[in-house]
Amino acid sequence: MAGEPAPLQTQTPLAPCNLVIFGVTGDLTHRKLVPALYDLSCQGVLPDGFTVVGFGRKALTNEDMRLLLEKAVDDHYGSAVVDGTACERVLLAPRYVQGGFDDIEAYRRLKDELERLEKRTGTANRLFYLATPPSLFPTIIRMLDAARLARRETRRAVSDGAPRPWTRIVIEKPFGSDLRSADELNDVVRSVFDESQVYRIDHYLAKETVQNILMFRFANVLFEPVWNRRYVDHVQITAAESIGVEHRGIYYEEAGALRDMIQNHLMQLFALTAMEPPIAFSADAVRDEKVKVLRAVRPIPPRDADRFAARGQYARGIIDGQPVPAYREEEKVSPTSSVETYAAVKLLIDNWRWEGVPFYLRTGKRLPQQLTEIAVQFKRPPFLLFRQADMDLEDVVPNLLVIRIQPNEGIELRVESKVPGQDIGLRPVVLQFTYGSTLNELPFSPYETLLVDSMSGDQTLFNRDDQVNASWRIIQPILDAWSRNAEIDTYVAGTWGPEQGYALMANDGRAWRRG
Ligand code: BG6
């Protein structure tokens, strides 16, 4: 029935906790975390006794911190519509601890502050959230240990009926900048926390449509029988953006499209599409299968990386009718930069299900539109029944299943259908489901989901250490090959990427669905 969409609720009420945000004055806290906390508060999901504790270098008072959070909510929603009561719950007496990230005394002050709070609110659950630049992650983790804030756990123990207070750490992306640095960071994390306490973020995993991939595959009987090399010709995974690098030139110059999007977000989409059914819908069972398929990816030969990967950088062009600058003209970007703003990769999987079925992944900034989708292209029927018609088998348009992650979230299935009339003629038609018009529920935003899951102790939507390692291992040969050759093709902003990107497909006799 149409009407007001019903807000979602968590299944069980969240246990109270104190959320310590490192990098509380930063962009991520302002744009994502605080608005998500406010939304959770509006929906009545935040538990009583929930307090935000900010940690940062700037000299701020508790009141400054409250104003900072308030401003983040106002900037996101517009002060006119902000619900004061809900806001109060997020902003209720937030605490601020000032200090350098490598200053042990500051961490001791943080410990004192937490212990005071814990006495007052009666909860000793701690959620540490690392929202700082990634170079600070190892330092903060080591300092949490040195100040005895980390409270390493082994198993969630229940003594005398009451669960022990927990300590968890949420780590933002990027997790490492290559295989070696990711492994090193994992070593630091493991030296202080048990894996069960660690929540490595990939916000794509928390998108409703991404979560739906598993439901779609494993709650229906129709698709799984054809989800393999007998029926699937290839799979295309696209995450296109029309925005440029905006104000993130410094970060992007270090990252590039391969690290920024493919190593994490697209690799998640790939793993969810290609993995075997897990033995249960539990964090470790799902993550075991993801790791397994990532490990089954055929290693890309470093000397032959060009056959498996393509890159490009946007030149000036037109987006939505407006001229836009070249990447090299963006703020804080080198005028001679060879960083890729487009990357495409072909992955082959050495297992029984997928032998010989390529998965093509591509992403780019300043492409014509924002679009994230997984397109599973099926094979043609084995022979042409309709010989009377003036057509060849090649004229039959293969079935295509598109899982649209954003925008217009939904699923489309392309099938051939008879054209009405006396003659035999076929035309592809699309069977379509869209979230917007079919499901009348307001989903949590990715950051709301991630906050709720980390507070409730559900690691399903977070990256495990071995998964991080496996996905870096896949792309490392490409990083190595590209670092040896600084020459990069350009593409005009507002087009679907460089020649190399098209060639990656064309060399296999295929073409991108769009572009
Ligand atoms: C981030 C990348 O992780 O994901 C950005 O750093 C990118 O460069 C963003 O724009 C895309 O996320 P979304 O949710 O807008 O598709």
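Both ligands and their constituent atoms are indexed starting at 1 by order of listing.
Using cut-offs of 30° and 60° for the angle between ring planes, the Trp227 and Phe223 rings count as perpendicular. Using cut-offs of 30° and 60° for the angle between ring planes, the Phe101 and Phe55 rings count as tilted.
Inclusion of Gln406 in the set of residues having an N or O under 3.5 Å from an N or O of ligand 1 is warranted. Of the polar atoms of Lys365, at least one N or O is found under 3.5 Å from an N or O of ligand 1, judged by distance alone. The shortest N or O to N or O distance between Tyr252 and ligand 1 is not below 3.5 Å.
Using a 4.0 angstrom heavy-atom cutoff, Thr372 does not count as in contact with ligand 1.
Of the listed options Gln370, Arg259, Glu241, Glu241 places a heavy atom closest to atom 9 (C) of ligand 1.
Stacking of Lys32 on the aromatic ring of Tyr447 is not recorded, the 6.0 Å distance cut-off and the 45° axial limit not both being met.
Within ligand 1, the atoms closer than 4.0 Å to a non-hydrogen atom of Lys173 are 1 (C), 2 (C), 3 (O), 6 (O), numbered from 1 in the order shown. Here is the list of ligand 1 atoms found below 4.0 Å of a heavy atom in Lys207: 13 (P), 14 (O), 16 (O).
Aromatic rings of Phe433 and Tyr435 (six-membered ring for Trp) have centroids within the 6.0 Å cut-off, being under it. Tyr314 and Tyr342 have their aromatic ring centers separated by at least 6.0 angstrom.
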